[in-house]
Q: 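Handing you a structure now.
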Amino acid sequence: MSAPSAALQRLRLRTELRKARTGARLTQRQVAAKMEWSPSKLIRIEAGEVGISVNDLRPLLDAYGIRDRRKIEELLDLARGSRKMPYAEFRDLYSKEFLQFLALESSASIVRSYNSLQLPGPLQTEEYGRAIMRAYDKGTDEGVERAIEVRLSRQDMLTSGDREVFYILDEAILRRQVGGRGVMRRQLERLAELAALPKFTIQILPFSVGAHPGIQGPFTLFEFEADEMPDSLYLENPRGDSYSTNAPEESGRYLERFWELEDLAIKERTVDILKALAVRVEEGTDDLERLLPPVEAA
């Protein structure tokens, strides 16, 4: 088995440190005072936002009363292995919540995602991604190109290796002509290519199902190979606010919701459907404007 990723090691270390502090019946403020740290330093370490050096970790474990040599070495190894997080060089571009999402995504063995408004980043072509970002983000050209770089990197990651990936896409995403007919045709053709890959599943939730359990918004679930890593849930609303948790009852509730959506979604021949949609988008035969009879000149 390959070594755990830096993201997984940091998540494990974060969990272990929280457990050790609460086991020692210490508050974050008490620990910060004992270590002569600012409270924010400990909070950020426990949140997994920053790593911790072995020089800081040794006295921290001592403050928690951890004396077992094997346990100390295990935690020191986690600290050494978690210093370099994926996408850390894009800290100026993304929120800490989204960087956490990227870390989870890069470490997951199973990814399940439901989306209703736009294609998730790893499924986007370059030109689709640029059209989306230009529509709501008025950032610099350099910022857009760096964001495209991240999206393509995520696509490479998700289409390689042994991880399983399941996407459920609302039909609205496939009908919306982001970037114009040509951009959307090429995007749909790319989706058809991805849907044909092994361990990469794209399902379509058609308009005909009416109201459904996913109508409240998109969500993503991550599962990990490591037994000690709980499943994680990530939610994001249109304002860009995000929420993540590894509380079993909440991630379990969303897993059941995902399975309900799978029962409603089209699973068979999605490659053929996506290719057919690509042709129809190019022809414009489904455009609302074409449903009306031509207005006769007065």
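What you see is a predicted model; the values in this text were computed from it and never measured.
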Q: Quick one: does Lys267's side chain have a donor or acceptor within less than 3.5 Å of a partner on Ala265's backbone?
A: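 Looks like yes, one N/O pair under 3.5 Å.
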Q: For the residue pair Tyr87 / Ser106, report whether a side-chain donor-acceptor contact shorter than 3.5 Å exists.
A: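 Checked: Ser106/Tyr87 side chains show no N/O donor-acceptor pair below 3.5 Å.
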Q: Please find the pair of heavy atoms, one from Leu264 and one from Pro213, that lie closest to each other, and give the distance.
A: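 Looking at all heavy atoms of both residues, the closest pair is CD1-CD, 3.9 Å.
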Q: Under a single-linkage definition using a 4.5 Å side-chain heavy-atom cutoff for Ile, Leu, Val, Met, Phe, Trp and Tyr, are Val50 and Phe90 assigned to the same hydrophobic cluster?
A: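 Looking at the clustering, Phe90 is in a separate group from Val50.
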Q: Do other residues, nucleotides or ligands put more than 12 heavy atoms under 6.0 Å from Arg25 CZ?
A: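 No, CZ of Arg25 has 12 or fewer neighbouring heavy atoms, counting only those of other groups under 6.0 Å.
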Q: Give a yes or no answer on whether the side chain of Arg112 reaches the backbone of Trp259 with a donor-acceptor pair at less than 3.5 Å.
A: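 No; zero donor-acceptor contacts below 3.5 Å.
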Q: For a quick test of reading the model, state the closest non-hydrogen atom pair linking Ala79 to Leu13 and the distance between them.
A: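 Minimum heavy-atom separation between Ala79 and Leu13: CA-CD2, 3.8 Å.
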Q: Taking all non-hydrogen atoms of both residues, which atom of Pro120 and which atom of Asn115 are closest, and how far apart?
A: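 So the minimum-distance heavy-atom pair works out to CG-ND2, 3.6 Å.
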Q: Sequence neighbours excluded, which residues qualify as ring-ring contact (aromatic ring centres under 6.0 Å, His included) partners of Phe98?
A: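 Phe98 satisfies ring-ring contact (aromatic ring centres under 6.0 Å, His included) with Tyr94, Phe101 once adjacent residues are dropped.
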Q: So which atom in Met35 and which in Leu60 form the shortest heavy-atom distance, rounded to 0.1 Å?
A: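 Looking at all heavy atoms of both residues, the shortest contact is CE-N, 3.6 Å.
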Q: Treating Arg44 as the side-chain partner and Gly51 as the backbone partner, does any N or O pair qualify as donor plus acceptor under 3.5 Å?
A: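 No, the answer is negative, given that no donor and acceptor are paired below the 3.5 Å cut-off.
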Q: Are Leu169 and Val281 in one and the same hydrophobic cluster, where Ile, Leu, Val, Met, Phe, Trp and Tyr link if side-chain heavy atoms are under 4.5 Å apart?
A: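 Yes, Leu169 and Val281 fall within the same hydrophobic cluster.
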Q: Is any NZ, NE, NH1 or NH2 atom of the basic residue among Arg21 and Glu46 found under 4.0 Å from an Asp or Glu carboxylate oxygen of the other?
A: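 Looking at Glu46 together with Arg21, the answer is yes, because their closest N to O distance falls below 4.0 Å.
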Q: Quick one: do Val54 and Ile66 end up in the same hydrophobic cluster if we chain Ile, Leu, Val, Met, Phe, Trp and Tyr together by side-chain heavy atoms under 4.5 Å apart?
A: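 Same cluster: Val54 reaches Ile66 through Ile, Leu, Val, Met, Phe, Trp or Tyr contacts under 4.5 Å.
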Q: Minimum heavy-atom separation for Leu274 and Ala195, please, with both atom names.
A: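 Taking every non-hydrogen atom into account, CD1-CB, 4.2 Å.
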Q: Under a 4.0 Å N-O cut-off, is there an ion pair linking Arg130 with Glu126?
A: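 A salt bridge links Arg130 with Glu126.
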Q: Using side-chain contact (heavy atoms from CB on, under 4.5 Å) as the criterion, list what pairs up with Glu142, not counting sequence neighbours.
A: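 Glu142: side-chain contact (heavy atoms from CB on, under 4.5 Å) contacts with Thr140, Arg146.
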Q: Report the residue from Arg151, Gln155, Arg154 that forms a side chain to side chain donor-acceptor pair (under 3.5 Å) with Gln124.
A: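 In the set Arg151, Gln155, Arg154, the residue that makes a side chain to side chain donor-acceptor pair (under 3.5 Å) with Gln124 is Arg151.
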Q: Using atom types as modelled and distance alone, determine if a side-chain donor or acceptor of Arg176 lies under 3.5 Å from a backbone N or O of Leu117.
A: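 Checking the backbone N and O of Leu117 against the side chain of Arg176, a donor-acceptor pair under 3.5 Å is found.
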Q: Can a salt bridge be assigned to the pair Glu189 and Arg185 using a cut-off of 4.0 Å between side-chain N and carboxylate O?
A: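 Yes, Glu189 and Arg185 are salt-bridged.
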Q: Salt bridge (charged side-chain N to carboxylate O under 4.0 Å, His left out) with Arg257: which residues, sequence neighbours excluded?
A: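 Arg257 satisfies salt bridge (charged side-chain N to carboxylate O under 4.0 Å, His left out) with no other residue.
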Q: Take the angle between the ring planes of Tyr167 and Phe200 and call it parallel below 30°, perpendicular above 60°, tilted in between.
A: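 If you compare the ring of Tyr167 with that of Phe200, the planes turn out tilted.
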Q: Classify the angle between the aromatic ring planes of Phe219 and Tyr114 as parallel (below 30°), tilted (30 to 60°) or perpendicular (above 60°).
A: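 Aromatic pair Phe219/Tyr114 classed tilted.
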Q: Side-chain heavy atoms nearer than 4.5 Å, only ILVMFWY residues, links allowed to pass through others: does that put Leu11 and Ile43 together?
A: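 As far as the 4.5 Å side-chain criterion goes, Ile43 and Leu11 are not connected within one cluster.
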Q: With distance as the sole test, does Arg29 use its side chain to make a donor-acceptor pair with the main-chain N or O of Pro39 at under 3.5 Å?
A: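 Not a single qualifying donor-acceptor pair exists.
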Q: Quick one: are Thr270 and Leu191 in side-chain contact, heavy atoms under 4.5 Å?
A: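 No, side chains not in contact.
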Q: Identify the heavy atoms of Ala20 and Tyr64 that sit nearest to each other, and give their distance.
A: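 Result for this residue pair: CB-CD1, 3.6 Å.
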Q: Report the C-alpha distance between Ile110 and Phe166 in whole Å, list the side-chain angles of each, state the deciding distance to 0.1 Å, and finish with yes or no for side-chain contact (heavy atoms from CB on, under 4.5 Å).
A: CA-CA 8 Å; Ile110 300 177; Phe166 301 88; 4.1 Å; yes
Q: As a quick check of understanding, evaluate side-chain contact (heavy atoms from CB on, under 4.5 Å) for Val150 and Leu102, giving each step before the final call.
A: CA-CA 10 Å; Val150 171; Leu102 295 177; 4.3 Å; yes
Q: Quick one: does any side-chain atom of Glu171 pair with a main-chain N or O of Phe207 as donor and acceptor, under 3.5 Å?
A: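 Indeed, once roles are kept as given, a pair shorter than 3.5 Å links the two residues.
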Q: Take Arg163 and Glu105 through the salt bridge (charged side-chain N to carboxylate O under 4.0 Å, His left out) test and state the conclusion after the steps.
A: CA-CA 10 Å; Arg163 84 185 73 228; Glu105 183 183 69; over 6 Å; no
Q: Between Glu74 and Lys71, is a salt bridge (charged side-chain N to carboxylate O under 4.0 Å, His left out) present by the stated rule, with each step listed?
A: CA-CA 5 Å; Glu74 176 190 334; Lys71 186 66 177 177; 3.7 Å; yes
Q: Can you list the residues that meet the side-chain contact (heavy atoms from CB on, under 4.5 Å) rule with Thr125, with sequence neighbours excluded?
A: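 For Thr125 the side-chain contact (heavy atoms from CB on, under 4.5 Å) partners, ignoring immediate neighbours, are Glu127, Tyr128, Gln187, Arg190.
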Q: Restricting to side-chain hydrogen bond (donor to acceptor under 3.5 Å, both in side chains), what partner residues turn up for Glu149, sequence neighbours left out?
A: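 Once residues adjacent in sequence are excluded, Glu149 has no partner under the side-chain hydrogen bond (donor to acceptor under 3.5 Å, both in side chains) criterion.
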Q: Decide whether Ile148 and Val183 are clustered together by the hydrophobic rule: side chain heavy atoms of Ile, Leu, Val, Met, Phe, Trp, Tyr closer than 4.5 Å, transitively.
A: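 Ile148 clusters together with Val183.
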Q: With a 4.0 Å cut-off on N to O distance, would you call Lys275 and Asp272 a salt bridge?
A: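 Answer for the salt bridge query: no.
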Q: Which residues satisfy the salt bridge (charged side-chain N to carboxylate O under 4.0 Å, His left out) test with Asp141, sequence neighbours excluded?
A: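 Only Arg134 meet the salt bridge (charged side-chain N to carboxylate O under 4.0 Å, His left out) criterion with Asp141.
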